[in-house]
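Residue numbering restarts at 1 for every chain, and letters A, B, ... go by the order of the sequence lines. Both backbone and side-chain heavy atoms feed into the values below; hydrogens, waters and symmetry mates do not.
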Amino acid sequence: MARTLQAPVTVAFDYTRSTGPVLGRFFTGLRDGVIVGGRTSSGRVLVPPPEFDPDTHEQTTDFVEVSTVGTVTAWSWCPEPVAGQPLDRPFAWVQVKLDGADGTLLHALDVPSPDDVETGMRVQVRWAGERVGAITDISCFEAVPVVEQRAPASVVETPEDAQGAATDPVTGIITPVELDYLYAASPEESAFYRGLEEGRIIGQRCPVCHKVYVPPRSACPVDGVATTDEVELGHTGTVTTFCIVNVPFLGQKITPPYVSAYVLLDGADIAFLHLILDIPAEEVRMGMRVEAVWKPREEWGTTIENISHFRPTGEPDADFETYKVHL
Amino acid sequence: MGFAQRQMPEFDGSPTCVELLVPILAECYEQTGFTRKDIGFWCSGSSDYLAGRSFSFVSAVDAIGVLPPVNESHVEMDAAWALYEAWIKIQTGEVDTALVYGFGKSSAGVLRRTLALQLDPYTMTPLWPDTVSLAGLQARAGIDAGVWDEQAMAGVVNRSLTDAEKNEYAIRKGGSSVDELLARPMYADPLRKHDCAPVTDGAAAIVLAAGERAYDATERPAWISGFAHSADALQLGGRDLTRSPSAARAGEAAGLDGVELAELHAPFSHQELILRRELDLGDDVRINPSGGALVSNPMFTSGLNRIGEAARRVWDGSASRVLGHATSGPALQQNLVCTMEGRV
């Protein structure tokens with residue numbers, strides 16, 4: 001058995017960014033099938049245009065249309081593409097100096113093997129099927145066919161063809177970012193979740209201050225030492241503080257209003273968050289004694305969700321003095 | 001005055017690395033005789049993107065003990081930059097001791113892909129250019145321009161793997177010969193796998209102290225004599241990839257006279273060649289006796305480790321003036337140089 005419990009987790013977010021006038025010009029060009037560079041104060045044409053001049057730090061205002069054909073100035077082979085790259089089969093990354101530009105553009109070159117790419121080779125843009133105003137409007141680069149070395153690059157739809165709305169400048173881009181991880185719980189958290197799978201609640205005790213943490217922490221935040229001792233806790237506790245959830249949100253599983261509360265388990269020194277049900281929300285109070293309600297055993301896993309919720313025990317409320325340091 | 005490190009290919013533990021940090025900090029206390037109560041300022045380097053845990057640096061402070069509250073900060077960079085912040089803090093006179101740490105669990109994700117998030121978010125990240133491919137472009141640029149060749153790159157690797165045999169923390173070791181290395185297959189042409197630093201998990205910490213306070217901990221501290229960092233433009237297409245002007249600027253600002261030994265943070269073999277040129281390190285300067293980043297490259301501490309490894313050579317008397325370097329960003333975009341010396 002591995003020391004830690006592990007599970008795949010995916011973190012994803014669509015980043016929405018305003019482009020500003022300079023990159024907006026570049027992306028508008030891509031959408032319209034042209035590549036726009038920026039001329040710097042030193043006279044160099046850079047693609048993409050830098051938002052600010054590298055020397056004077058003034059905003060770039062001098063835009064230059066460059067060719068969709070250019071020359072490879074450097075390349076590297078990508079034998080194992082990762083998710084999201086322009087091609088899902090081995091390809092070359094290239095820096096391309098487009099005709100009319102002085103700097104290079106980074107992109108992918110669709111060639112079958114490293115033997116099919118070399119510095120100095122002529123390449124041209126392969127446009128994406130649908131262009132939206134993003135760097136990915138360039139699907140990738142491809143070799144210029146030898147017999148057409150002097151022919152113009154691939155013909156693209158101009159904005160006039162695309163009618164109306166497409167001539168508005170691009171002002172924003174959306175970049176989906178998705179990251180996949182194998183997420184590991186700490187050894188102490190792993191013991192906690194393995195305990196839950198057996199219907200037990202396990203915390204860790206600090207060997208110096210003897211405080212008991214549940215869910216457990218690997219080190220005591222007071223003393224900065226490893227929490228070495230496992231402690232099994234009871235299934236009853238005290239509500240230290242709570243809130244009534246009235247606001248609906250994405251992924252909500254219970255119909256509002258309901259109560260989310262900090263429960264200080266008997267024997268623990270830190271409260272943890274759980275639900276208080278089986279009682280009208282307005283009757284929940286600080287100091288209320290509660291007990292864990294477990295789901296049917298056949299539904300248990302290595303998860304805090306084995307405990308469905310907490311409910312009142314019916315005991316008298318705890319004295320404020322017994323939990324005031326936990327607020 | 002104190003330095004402790006841990007490295008491994010895959011850390012079987014949480015993304016906060018608290019379990020690693022506790023023994024590392026204990027080692028620092030043992031080396032210096034300090035307790036955590038003696039530390040005036042804490043600064044860490046890490047990033048949640050590495051292993052997907054939000055606020056991992058907040059959880060990690062459990063390892064230092066933060067009740068009552070401590071004077072603490074964090075950088076989303078290699079902990080070498082956290083060391084810079086701590087050094088500045090000491091310069092202000094507000095504190096006279098600091099402990100700097102970093103941690104990272106690179107193996108939890110696909111590191112070379114995750115690092116695409118440090119690129120220009122408009123024109124680069126949407127293409128997900130991976131670290132290895134970008135380094136390959138840089139290596140190609142130098143090969144094509146005749147600035148270096150595959151033999152020189154393999155020479156760096158062979159020396160690093162040979163030196164790594166004496167480094168208990170190296171996760172890749174064992175030198176052979178330039179010819180043998182060049183006989184191995186290409187991976188990301190023009191890079192072979194040994195030209196690329198291994199994905200490494202780990203954590204590390206360094207203890208700083210000012211003035212007389214340093215002699216409380218050790219008889220022969222490594223005194224920081226110069227410390228500077230600089231960055232180049234993010235767009236790769238506008239700069240000469242065979243150069244690293246920011247490394248040269250950082251080195252000049254830190255002061256390079258008399259450096260006998262340099263620990264360079266070069267995650268790709270050709271990058272050491274660039275750094276040696278930019279920092280004007282001659283053949284008489286000992287490079288990376290630890291084996292450097294090619295033998296273990298824990299994200300967020302590999303740069304800090306270079307400074308710690310260089311400092312160790314001052315402590316043990318084997319060098320009197322040394323340099324530790326850290327890099328961040330694509331293709332040596334950001335560079336930091338810390339020079340240290342022994343004083344009689």
Side-chain angles (χ1 to χ4, degrees), chain A residues 2-4 9-11 15 17 19 23 26-27 40 44 46-48 50 54 73-79 81-86 93-95 103-108 114 119 134-136 173 175 177 179-189 217-226, chain B residues 11-16 18-19 21-23 25-26 36 49 51-53 59 61-67 105 107-110 112-114 116-117 120-130 132-141 144 186-191 233 235-238 241:
Chain A
R3 187 171 78 128
T4 60
V9 63
T10 298
V11 178
Y15 285 86
R17 300 178 190 276
T19 57
L23 288 170
F26 176 65
F27 290 128
T40 68
R44 301 177 74 216
L46 300 182
V47 182
T73 64
W75 64 275
S76 63
W77 189 245
C78 186
V82 296
Q85 291 186 334
W93 284 100
V94 286
Q95 287 190 296
T104 61
L105 176 70
L106 173 73
H107 220 295
T119 302
I135 190 67
T136 46
I173 61 166
T175 306
V177 166
L179 298 165
D180 296 313
Y181 300 103
L182 187 59
Y183 188 91
S186 69
E188 294 76 18
E189 289 165 337
R217 309 166 84 118
S218 302
C220 173
V222 178
D223 297 296
V225 298
Chain B
F11 171 53
D12 180 20
S14 78
T16 68
V18 167
E19 316 96 283
L21 287 168
V22 169
L25 298 182
R36 61 193 186 88
Y49 283 109
R53 169 143 180 178
S59 302
V61 301
D62 281 5
I64 67 179
V66 288
L67 274 176
K105 186 175 171 178
S107 68
V110 181
R112 68 184 198 280
R113 180 173 186 268
T114 304
L117 294 176
D120 169 53
Y122 292 92
T123 64
M124 293 175 77
T125 299
L127 303 175
W128 294 92
D130 58 279
V132 174
S133 295
L134 293 180
L137 286 172
Q138 186 178 37
R140 177 83 57 200
D144 284 347
M186 281 289 180
Y187 174 63
D189 194 341
L191 302 175
Q235 290 294 352
L236 300 181
L241 288 182

Self-check item: Heavy-atom proximity to chain B below 4.5 Å, by part of A:L179
Solution: both
Practice problem: Could you check which of A:G103, A:P81, A:S76 has the highest count of heavy-atom pairs closer than 4.5 Å to chain B? | Solution: A:S76
Practice problem: Output the option from B:A135, B:P126, B:A139 having the highest count of non-hydrogen pairs under 4.5 Å with chain A. | Solution: B:P126
Quiz item: Minimum heavy-atom separation for A:W75 to B:P190, with atom names?
Solution: O-CD, 4.2 Å
Quiz prompt | Heavy-atom pair with the smallest gap, counting every atom of B:G109 and A:Y181 | solution = CA-CD2, 3.8 Å
Self-check item: Residue among B:A141, B:A233, B:P15 with most heavy-atom pairs under 4.5 Å to chain A
Solution: B:P15
Quiz prompt | Max heavy-atom pair count under 4.5 Å with chain A, selected residue of B:T16, B:L67, B:I64 | solution = B:L67
Quiz prompt | B:D130/A:C78 under side chain to side chain contact (heavy atoms under 4.5 Å, CB included): CA gap, chis, key distance, verdict | solution = CA-CA 9 Å; B:D130 58 279; A:C78 186; 3.8 Å; yes
Practice problem: Apply the test side chain to side chain contact (heavy atoms under 4.5 Å, CB included) to residues B:R112 and A:V82: give CA-CA distance (whole Å), side-chain angles for both, the deciding distance (0.1 Å), then the verdict. | Solution: CA-CA 9 Å; B:R112 68 184 198 280; A:V82 296; 3.4 Å; yes
Self-check item: Test side chain to side chain contact (heavy atoms under 4.5 Å, CB included) applied to A:V11 and B:Y49, step by step
Solution: CA-CA 9 Å; A:V11 178; B:Y49 283 109; over 6 Å; no
Quiz item: Which of the residues B:V110, B:D120, B:L117 is involved in the greatest number of heavy-atom pairs with chain A at under 4.5 angstrom?
Solution: B:L117
Quiz item: Under a 4.5 Å heavy-atom cutoff, which of A:P54, A:P187, A:A134 has the most pairs with chain B?
Solution: A:P187
Practice problem: Could you please spell out the steps behind the side chain to side chain contact (heavy atoms under 4.5 Å, CB included) verdict for A:L106 and B:L134? | Solution: CA-CA 9 Å; A:L106 173 73; B:L134 293 180; 3.9 Å; yes
Practice problem: Mind ranking B:G13, B:A51, B:A26, B:G238 by heavy-atom pairs under 4.5 Å with chain A and telling me who comes out on top? | Solution: B:A51
Practice problem: Measure distances from A:T40 to the heavy atoms of chain B and classify the residue's part below 4.5 Å as side chain, backbone, both or neither. | Solution: neither
Practice problem: Name the member of A:P221, A:G224, A:S186 that forms the most heavy-atom pairs with chain B at distances under 4.5 Å. | Solution: A:P221
Quiz item: Quick one: what part of B:V22 sits under 4.5 Å from any heavy atom of chain A, side chain, backbone, both or neither?
Solution: side chain
Quiz item: When rounded to the nearest 0.5 angstrom, what distance separates CG in B:D62 from CG in A:D223?
Solution: 11.0 Å
Quiz item: Where on A:P114 is there a heavy atom nearer than 4.5 Å to chain B: the side chain, the backbone, both, or neither?
Solution: side chain
Self-check item: For the student: nearest non-hydrogen atoms of B:E19 and A:S218, plus distance
Solution: CG-OG, 3.8 Å
Quiz prompt | Validation row: B:V132, A:W77 side chains within 4.5 angstrom (heavy atoms) | solution = no
Quiz item: Under 3.5 Å, is there a donor-acceptor pair between the side chain of A:R17 and the main chain of B:Y122?
Solution: no
Quiz item: A:P50 versus B:Q235: any side-chain heavy-atom pair under 4.5 Å?
Solution: no
Practice problem: Heavy-atom pairs under 4.5 Å with chain B are the metric here; pick the option from A:V47, A:T10, A:T119 that has the most. | Solution: A:T119
Self-check item: Heavy-atom side-chain contact between A:I135 and B:M124 under 4.5 Å
Solution: no
Quiz prompt | For the student: nearest non-hydrogen atoms of A:V222 and B:R36, plus distance | solution = O-NH2, 2.8 Å
Quiz item: Do B:P121 and A:Y15 come within less than 4.5 Å of each other through their side chains, counting heavy atoms only?
Solution: no
Practice problem: Could you have a look at A:V225, A:L182, A:V9 and say which one has the most heavy-atom pairs with chain B under 4.5 angstrom? | Solution: A:L182
Quiz prompt | Test item: A:T4 side-chain N/O and B:D12 main-chain N/O as donor-acceptor pair under 3.5 Å | solution = no
Self-check item: Residue selection (most heavy-atom pairs with chain B, distance under 4.5 Å) from A:T175, A:L46, A:T104
Solution: A:T104
Exercise. Please state whether the side chain, the backbone, both or neither of B:L127 comes within less than 4.5 Å of a heavy atom of chain A.
Key: both
Quiz item: In terms of heavy-atom proximity below 4.5 Å to chain A, should B:L21 be classed as side chain, backbone, both, or neither?
Solution: neither
Quiz item: For B:K105 and A:A184, which heavy atoms make the closest approach, and how far apart are they?
Solution: NZ-CB, 3.3 Å
Quiz item: Which heavy atom in B:W128 sits nearest to a heavy atom in A:V177, and how many Å separate them?
Solution: CH2-CG1, 3.9 Å
Quiz item: At a heavy-atom separation under 4.5 Å, does A:A83 approach chain B through its side chain, its backbone, both, or neither?
Solution: both
